[in-house]
Amino acid sequence: MSQREQADAFIKQMEEFSETMKRSVGVPAIIDPRSGITMWYDQRELKLRYILSVERIKKFFEALSEGKVLATRCKATGTILFPPQVDCPEAPGSEVEWVEMPVEGELLTWTVINIKPYSFSHYDDYIVGIARMANGVNVLAWVRCRDPSKLKPGMKVKLVVVKREPEGYLTYELEPVEC
Amino acid sequence: MGRRVAIVGTGHSKFGVRLDVSLAELAYESIREALDEARIGLDDVDLVVVGNAGGWSSEPLPAIVVNEYSGLSGKATLRVEAACSTGSSAIKVARDAIASGDAEVVLVVGVEKMNESPTPTVVEFIGRAGNYFWEFENYGLTFPGYYALYATAYMFNYGASEEDFCQVAVKNHYYASMNPKAQFQRRITVEDCMKSRYVAWPIKLYDSSPITDGSAAVILASEDVVGKITDSPIWIEAIGASSDTSNLSKRQNFLGLDAARKAALQAYKKAGLDPEGVVKQLDLAEVHDCFTIAEVMAYEDLGFARRGEGVKLVRESQTYIGGLIPVNLSGGLKAKGHPIGATGVSMAVEIARQLWGRVERGRQAPVKVGRGLAHNVGGTGHYAYVTLYSLSKPRG
């Protein structure tokens, strides 16, 4: 059973319990099997999905469809900003320009996410790493590698644009040259 | 600098899976104990600062709910949040209000009811605590995952092992076994820890602090009224506070927490302590061991050990009583539990009671210099507070 199925099964069990209790005692009281403690099974469910503004950085998303990962550069200071931002706090008022992130980088560190957040619980275990790119700027992303035991600090990685499935949208990941 | 401020009363709930109480009932356990200990009434309180991270619990306005239940409605109040360092930030807000002359007596309560949501939801909420859009939305990091990025770098760079990290868990479970307020009362071995499952490689379940319900409270008073309340105040000697980038990718290395280092140096400077020999000027430290790697990094960030040598303190058992400096005699976040908003306040309560010499046998630090340190980190080094508590009134 995937972690998603386990989580959903757990909720379903509580829901069924609360339905039974509503029929017998009139309220959605559920009893914790371990402690025997009575709890209230919430009758209100909040679905939380945000709608975020990307208007000022939409070039970033347009470039993904061309296979490019963009950063911004502060015109006054030359500082590369990644994730891209359109304001340059070290030189207020200065404009930023869009630049391409280099493809080549080196892996700094990584982890394998075994226990997943609910909204990621439909995936198999995934690797998240941080690489220092050739321009000295770090990128955090999934590392495309089936065997994490092959990963080493300093390993060459490429920054690639990929389609994330099953959602089917473009994002970027790190691809070790050998893995 | 303002007026000097002291702790004059402490309260601490039992930490654990507290399905038996609501958020307000849980908070009141500590509030009542702290008021009793200070022997003051509700009328004496000028301001209530409630530390609560929330999200996983049902009340979006925890301060007013806790206050109503506790008979404190009508008081000036606010809820503060600085992730896992919420408790220390609440103490800072309260300290500042008194130091400025705006309040004489302030009640600080940290409370968290994490078990109102199922575990995958709690994992999700904490995983989102960083930079949601750039590091969570696409990559689904978790709290152990963030710290695992540090653990991996630390292991490869300094030759530390998973067994080394497990030693921290063994120590903290050992002391928690003597702390009746702790979530875990059972001692563990390195083997138990090594056999536990990975939650975010190389971090295992037994390297991790649990999901905890709990509360802790302190009453703070100005130097002008302290004498009327108690003859044994615990003074807030100095608070160092700092922060770091929301995106972990913006950090230069993953071997220590810059925010914690800055907060420590700030606190030492304010208290006039020599950062080089700081262990000699402390009786004990409560450090933010949300994961075992975090305790090892804390040794270094606080100057107890040089860079890369925190792991040596672990190998030589230097942070047990009798070693270089006793650390996390409460059991730490790892074994006492980590109710996010309560943790920093819990550290203050623990240090006060240690300095008063009233904790359980076997986990009482010898009190020689009369000073303890709380190291409270929010998120993954996103926020950091280092607070020095002392039996002696600080210099004006």
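So that the names make sense, note that chain A is the first sequence line, chain B the second, and so on, each numbered from 1. As the structure is a computational prediction, the values presented were derived from the model and not from experiment.
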Margin query: Ignoring hydrogens, what is the shortest heavy-atom contact between N138(B) and Y169(A)? Give both atom names and the distance.
Written below: OD1-OH, 2.7 Å
Checklist line | A148(B) to T111(A) - nearest heavy-atom pair and separation | finding: CB-OG1, 3.2 Å
Item checked: W134(B) and F61(A) aromatic ring geometry - parallel, tilted or perpendicular at 30°/60° bounds -> parallel
Margin query: Given heavy-atom pairs under 4.5 angstrom as the criterion, report whether the side chain, backbone, both or neither of V137(A) touches chain B.
Written below: neither
Check: Quick check: are there more than 12 heavy atoms from other residues, nucleotides or ligands sitting under 6.0 Å from CD of E97(A)?
Finding: yes
Notebook entry, point to check: Which one, Q3(A), R132(A), E173(A), leads in non-hydrogen pairs under 4.5 Å with chain B?
Noted result: R132(A)
Check: Would you say Q185(B) has more than 12 foreign heavy atoms packed within less than 6.0 Å of its CD?
Finding: yes
Next item on the list: Specify which of R128(B), E116(B), E124(B) makes the most heavy-atom pairs with chain A at under 4.5 Å.
Entry: E124(B)
Checklist line | chain B contact via R34(A) - side chain, backbone, both or neither, heavy atoms under 4.5 Å | finding: neither
Notebook entry, point to check: Out of curiosity, L48(A) CG to T121(B) OG1, how far, rounded to the nearest 0.5 Å?
Noted result: 11.0 Å
Item checked: Interface moiety of V139(A) toward chain B, non-hydrogen atoms closer than 4.5 Å -> backbone
Notebook entry, point to check: Checking heavy atoms, do the side chain of I37(A), its backbone, both or neither come under 4.5 Å from chain B?
Noted result: side chain
Next item on the list: Considering only heavy atoms and a distance below 4.5 Å, find which of F136(B), Y150(B), Y132(B) pairs most often with chain A.
Entry: F136(B)
Check: By a 4.5 Å heavy-atom criterion (distance strictly below it), what part of Y41(A) contacts chain B: side chain, backbone, both, or neither?
Finding: neither
Margin query: Show the nearest heavy-atom pair for residues P118(B) and I11(A), with the distance to one decimal.
Written below: CG-CD1, 3.5 Å
Notebook entry, point to check: More than 12 non-hydrogen atoms from neighbouring residues, nucleotides or ligands closer than 6.0 Å to NZ on K156(A), yes or no?
Noted result: no
Checklist line | D124(A) CG: over 12 foreign heavy atoms closer than 6.0 Å | finding: no
Next item on the list: Give a yes or no on whether K14(B) atom NZ has more than 12 heavy-atom contacts from other residues, nucleotides or ligands under 6.0 Å away.
Entry: yes
Next item on the list: Heavy atoms only: give me the nearest L141(B)-P117(A) pair and the separation to one decimal.
Entry: O-CG, 3.9 Å
Next item on the list: Using non-hydrogen atoms and a 4.5 Å limit, figure out which bit of F156(B) sits close to chain A: side chain, backbone, both or neither.
Entry: side chain
Check: Got a sec: does the NZ of K75(A) have more than 12 other heavy atoms crowding it under 6.0 Å?
Finding: yes
Check: Quick check: are there more than 12 heavy atoms from other residues, nucleotides or ligands sitting under 6.0 Å from CD of E309(B)?
Finding: yes
Margin query: Here's a test for you: under side chain to side chain contact (heavy atoms under 4.5 Å, CB included), which of I113(A), I115(A), V112(A) qualifies with V199(B)?
Written below: I115(A)
Note to self: For S35(A), which atoms come within 4.5 Å of any heavy atom of chain B: side chain, backbone, both, or neither?
What the structure shows: side chain
Item checked: Validation row: Y139(B), R164(A) side chains within 4.5 angstrom (heavy atoms) -> yes
Notebook entry, point to check: Any chance the rings of F125(B) and Y118(A) have centres within less than 6.0 Å?
Noted result: no
Check: What is the minimum heavy-atom distance between R251(B) and N138(A), and which atoms define it?
Finding: O-ND2, 2.9 Å
Checklist line | P83(A) and N247(B), any side-chain heavy atoms less than 4.5 Å apart | finding: yes
Notebook entry, point to check: For chain A, which of S58(B), G140(B), P120(B) has the most heavy-atom pairs under 4.5 Å?
Noted result: G140(B)
Check: Counting only heavy atoms not in Q13(A), do more than 12 fall under 6.0 Å of its CD?
Finding: no
Checklist line | Rounded distance [0.5 Å steps], NZ in K250(B) versus CD1 in I130(A) | finding: 13.0 Å
Check: Between T109(A) and L149(B), which heavy-atom pair has the shortest distance, and what is it?
Finding: OG1-O, 2.5 Å
Item checked: T119(B) vs F10(A) side-chain heavy atoms within contact, under 4.5 Å -> no
